[in-house]
Amino acid sequence: MQKAIQSVRGMRDLLPAETPRWRLIEDETRALLAAFGYDEVRLPLLEPTTLFSRGVGESTDIVEKEMYSLQDRDGDSLTLRPEGTAGCVRLGLQHGLLFNQQQRLWYAGPMFRYERPQKGRYRQFDQIGVEAFGASDPALDAELIQFGDVLLRRLGLREQVALELNTLGSGDSRAAHREALVAYLTPLREKLDADSQRRLDRNPLRILDSKDPNTQALLKDAPRLQDFLDDASQAHFAQLCAHLDQIGISYRLNPGLVRGLDYYTHSVFEWVTDELGAQGTVCAGGRYDSLVEQLGGRSTPGAGFAIGVDRLVLLHEAVHGAWPGPALDVYATVAEPEQAGAALAFCQQLRAVVPGLRVRLDTAGGKLKNQFKRADASGARWALVLGAEEIAAGKATVKWLRESQPQAMLGLDELRQMLTTTGPG
Ligand code: HAM
């Protein structure tokens, strides 16, 4: 026997029992994006590697150690997208959508990062990303957060998720803070954890993110970014907080929230839950007013976020348990193989007259008794029997599988009436 092939570590299959929950979350999000006036774009999975080293940041974990990069046959370095914001900016620049315009865009699909897989953290994972260009007003930041609030409510998950908020200020504020942080930490270098020592030279702000208790203790007296914010940065953040207060969205200020991608300026936020263990951020984003310029465009403000769909699905499962009900309403059985053609036609007529009705025809054949066992296991509410007598009369015998109701032989019209007045299972 040949050895069976397994999927790649950290890249999951989604089985029929899981996909309806995915679809629910995707459909709700899409509907809400339309309601907020966002337009869909579709981005390639492969992009030039330089898009991410320049966009996400040379010294981020993503670019340093998590990218799936390859050389194509021309020797060009390509990378499977680890996130969508850089690609969305590239798309906007390439097609002239950004300069002096307002754009509200969204995309969905798999992202790839070579991380250590665990619950809620995968090497292929799905995001629904939302990016808005051309508005520097904090009302946009507030609206992006409002979107998350409404979506979580619609999914019945709002109580389990809290909003964490911080500001990174303008590029100038960050540079001044960075200088002070390096000056403070350099004499303490030997006492920092190994990762933080490395970050001190390359990306000192990320040290604030360290999980190491010793490093965290040393950071207690470190210069705080909040003390380096210029007036405009402070005003931007104060206005965002005022908008959130006005629309009734509460938040936790978290000065340690610095995000793992370098393009952020001003507001950053994460929607976090305690229900999923270590991987509790279900949605995250912020403003990135310098990214368009960094990627070769003319200065254009932008802000956005991405939903981690895998994690939202896990949370939905943790909170709502088994879902959904059966995927079928009607299971049609066929008495004899020679009636299969007529049964195919009848089932399709039924689907056509009762929109949304889910009808599965048994094509495995065999004894009616066995077909009924399959009907029962399918979860359908009704079984139909299509036999010689039924076909000759242009009817079907209906049996109730879950309730004690008399069976009846009904024509298409009577069947439609019965099914539409009872409502699908
Ligand atoms: P991010 O924080 O890297 O941001 O990812 C956003 C969300 O994707 C995370 O909060 C998480 O829910 C999910 N996620 C990230 N990595 C994994 C993983 N390995 N497995 C499962 N889920 C994961 C971005 O990607 C930015 N592009 C978001 C953004 C858009 N900012 C502005 N616009």
Side-chain angles (χ1 to χ4, degrees), residues 12-35 40 108 154-156 309 313 316-317 319-425:
R12 300 179 303 152
D13 299 311
L14 297 179
L15 302 183
E18 301 167 273
T19 48
R21 199 189 299 273
W22 278 73
R23 191 161 282 281
L24 167 87
I25 286 170
E26 290 162 350
D27 288 351
E28 282 289 345
T29 311
R30 281 202 189 97
L32 198 59
L33 282 162
E40 182 183 4
R154 287 208 180 171
L155 294 172
V309 185
V313 167
H316 191 275
E317 198 175 349
V319 172
H320 296 296
W323 187 91
L328 268 190
D329 302 308
V330 173
Y331 193 102
T333 63
V334 191
E336 302 293 339
E338 54 269 30
Q339 282 129 20
L344 283 165
F346 190 90
C347 286
Q348 185 42 35
Q349 283 165 349
L350 187 57
R351 292 185 196 104
V353 297
V354 188
L357 189 75
R358 299 161 304 175
V359 182
R360 183 187 296 172
L361 174 64
D362 190 305
T363 51
K367 290 192 187 120
L368 266 184
K369 193 172 140 219
N370 291 336
Q371 293 189 46
F372 262 90
K373 276 192 194 151
R374 293 194 286 268
D376 211 36
S378 76
R381 191 172 179 191
W382 298 282
L384 296 187
V385 183
L386 295 155
E389 192 189 340
E390 284 87 354
I391 303 259
K395 296 185 172 188
T397 298
V398 188
K399 291 186 190 232
W400 293 69
L401 294 170
R402 318 281 154 204
E403 290 119 297
S404 65
Q405 295 274 352
Q407 70 175 58
M409 203 161 96
L410 303 177
L412 199 59
D413 209 41
E414 297 160 300
L415 203 50
R416 179 184 58 77
Q417 232 163 47
M418 187 210 93
L419 292 168
T420 42
T421 48
T422 331

**OP:** Go through R360 and V330 one step at a time and tell me if the side chain to side chain contact (heavy atoms under 4.5 Å, CB included) criterion holds.
**Re:** CA-CA 6 Å; R360 183 187 296 172; V330 173; over 6 Å; no

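Side-chain contact between V359 and D329: absent, with no pair of heavy atoms (C-beta onward) separated by less than 4.5 Å. Within the 4.5 Å cutoff, the side chain of F372 has heavy atoms near those of the V385 side chain. Annotation: side chain of L350 is in contact with side chain of L419 (closest heavy-atom distance under 4.5 Å). Using a 4.5 Å heavy-atom cutoff, the side chains of W323 and L24 are in contact.
Looking only at atom types and distance, the side chain of Q371 has no donor-acceptor partner in the side chain of R374 under 3.5 Å away.
No donor-acceptor pair under 3.5 Å is formed between the side chain of Q348 and the backbone N or O of A345. A donor-acceptor contact shorter than 3.5 Å links the side chain of H320 to the backbone of L155.
Scored by the salt bridge (charged side-chain N to carboxylate O under 4.0 Å, His left out) test, R416 finds D413 as partners (sequence neighbours excluded). Listed by chain and residue number, R42 satisfy the salt bridge (charged side-chain N to carboxylate O under 4.0 Å, His left out) test with E40 (two or more places apart in sequence, or in another chain). By the salt bridge (charged side-chain N to carboxylate O under 4.0 Å, His left out) test, R12 pairs with D310, sequence neighbours left out.
Atom OG of residue S378 and atom CZ of residue R358 lie 10.5 Å apart, to the nearest 0.5 angstrom. To the nearest 0.5 Å, atoms CG (D13) and CD (E18) are separated by 9.0 Å.
Between P16 and P20, the shortest heavy-atom contact is O-CD, 3.0 Å. When every heavy atom of L357 is checked against every heavy atom of R351, the shortest pair comes out as O-CG, 4.5 Å. The two residues A393 and M409 make their nearest non-hydrogen contact at CB-CE, 4.2 Å. Listed here is the closest heavy atom pair of A396 and L386: CB-CD2, 3.6 Å.
The stretch residues 383-422 participates, sequence neighbours left out, in these ring-ring contact (aromatic ring centres under 6.0 Å, His included) pairs: W382-W400. Judged as a salt bridge (charged side-chain N to carboxylate O under 4.0 Å, His left out), the pairs with a partner in residues 400-412 (not counting sequence neighbours) are, in order, D376-R402, R381-E403. Sorted by first and then second residue, the side chain to side chain donor-acceptor pair (under 3.5 Å) pairs with a member in residues 384-399 read E390-T397, K399-Q407; sequence neighbours excluded.
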Show me the donor-acceptor pairs within less than 3.5 Å that the side chains of residues 331-344 make with the rest of the protein, sequence neighbours left out.
| residue | atom | partner | partner atom | Å |
| --- | --- | --- | --- | --- |
| Y331 | OH | D362 | OD2 | 2.7 |
| T333 | OG1 | L384 | O | 2.8 |
| Q339 | OE1 | E336 | N | 2.9 |

Pairs of donor and acceptor atoms involving the side chains of residues 25-33, under 3.5 Å and at least two apart or interchain, shall be tabulated with distances.
| residue | atom | partner | partner atom | Å |
| --- | --- | --- | --- | --- |
| T29 | OG1 | I25 | O | 2.6 |

